[in-house]
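Report on the following structure.
Values reported hereafter were calculated over all heavy atoms of this structure, with side chains retained and with hydrogens, waters and symmetry mates removed. Read the numbers this way: they start at 1 and go in the same order the structure lists the ligands and their atoms.
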Amino acid sequence: MIIMKKDATVEEIKNVIEEIKKHGLRADVSRGEFRTVIGLVGDESKISFAHLAVLPGVKEARAVETPYKLISREYSELFVNKDESRIVQVGDIKIGGDEPVFIAGPCAVEGKQQLFRIAEEVKAAGAHILRGGVFKPRSSVHSFQGLGSLGDAEARQALSWLQEAGHKFGMPVMTEVRGEMQADLIAEYADILQIGARNMYDQDLLGRVARKGKPVLLKRHFGASIEELLSFSEYIVAEGNKDVILCERGIVPVGKGNSYTRYTLDLAAVPVVQRESYLPIMVDPSHAAGRRDLIFDMSCAAIAVGASGLMIEVHYNPSEAMVDAQQMITPDELKEIIDTCKKISKMVTRHRKRVRVS
Ligand code: PEP
Ligand code: MN
């Protein structure tokens, strides 16, 4: 990273950026209140920090030690308070502030009536953002793959229902981009582009989705370390798109016997990510637990450790959901979770502020 002097001129900043480009790298420019910081994007071995450090207007040029750099606290501490997350704004909704944000909706969009009824009921329960899968990642080719997989017309239809439901009930909408081919189409309709756990490692998909310029929710792969989650999120940020929301959704359980849960919710990932990066992190208790009787407990715990919000799968008739029926909860249950989590959030936010001061 290159820290410019407080009185560095526009010309001096431009000159540093040109120098970086000359060596085949890209520049990530962050203008803080007092000074400009420039991050390198690309193969650092092509350029010498000693050379950059003596350019006019440069205060300091040094390597960031973590494998992820642009999203690290070390790089961002000059423009983001060390206790704060980046605020990702979607319409009127702010993800990463003091108030938790709730994303809810069906696992899969099954039809217009189903989606509109769920949208209305999750909104009434207090949800801020509507989710619904149109292209579903499934383990078996013989399972329902989402309406989007039936053809172009069906995909557009399902996506337009999602967009309409969002408008009608006043919620931004989010859906998964399962493959690069879907990025342009989905970006026409969705406000947040979701990268599913299975695709966290697909750097071409991450780049393609990032360039749509919309907020991206990146789910942690179930076999990924926290370091990998952070490193892969940088493929999005390196495209100049800093509106990234991370999502912990459970990792592969250990041991031979029945693990009793679909995945193991790694709650420590929340405060760890907050210490390492300024990107906000949410929690998906639905896919982590995989059973509806645990969603309330896991939701409370996630908010207690400081998650910026939750993503929860909801259906008015859980057992009839076409995908993930066993983890679906009702809108009434969602309301109970949201009401309780708001209280927990107030308590822990106050506690955190006290801890920060002392
Ligand atoms: C989803 O949120 O719809 C989903 C498929 O989750 P994950 O990618 O975490 O399995
Ligand atoms: Mn699901």
[X] versus ligand 1: do any nitrogen or oxygen atoms come within less than 3.5 Å of each other?
X      : value
Asp284 : no
Glu176 : no
Ala197 : yes

Where ligand 1 meets [X] - atom numbers and elements under 4.0 angstrom, heavy-atom basis:
X      : result
Arg131 : 1 (C), 2 (O), 3 (O)
Lys136 : 1 (C), 3 (O), 5 (C)
Met311 : 2 (O)
Gly196 : 8 (O)

Heavy-atom pair with the smallest gap, counting every atom of Glu248 and Thr264: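 Nearest pair, atom of Glu248 first, then Thr264: OE2-O, 4.1 Å.
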Ser149 vs Arg178 side-chain heavy atoms within contact, under 4.5 Å: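 Yes, side chains in contact.
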Non-hydrogen side-chain atoms of Lys94 and Gln89 separated by less than 4.5 Å: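 Yes, their side chains come closer than 4.5 Å.
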Cys107 atom SG and Glu313 atom OE2 as seen from the Mn ion (ligand 2), angle to 10 degrees: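 It is 90°, given to the nearest 10°.
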Heteroatom of Asp324 nearest to the Mn ion (ligand 2) (N, O or S, atom name): OD2
Identity and distance of the protein heavy atom lying nearest atom 6 (O) of ligand 1: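 Answer for atom 6 (O) of ligand 1: Lys219 NZ, 2.9 Å.
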Salt-bridge contact Glu120-Lys123 (side-chain N to carboxylate O under 4.0 Å): no
Salt-bridge criterion met for Asp7 and Lys5 (N-O under 4.0 Å): no
Value rounded to 0.5 Å, distance of CD1 in Ile17 from OG1 in Thr36: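 So the gap between those two atoms works out to 8.5 Å.
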Gln194 touching ligand 1 at heavy-atom level, < 4.0 angstrom: yes
Check: His221/Asn199 side-chain N/O donor and acceptor closer than 3.5 Å: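 Checked: His221/Asn199 side chains show no N/O donor-acceptor pair below 3.5 Å.
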Residues clustered with Ile93, ILVMFWY side-chain links under 4.5 angstrom: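 Cluster partners of Ile93: Val88, Val90, Ile95, Val101, Ile103, Ile129, Met174, Ile192, Leu217, Ile245, Met282, Met311.
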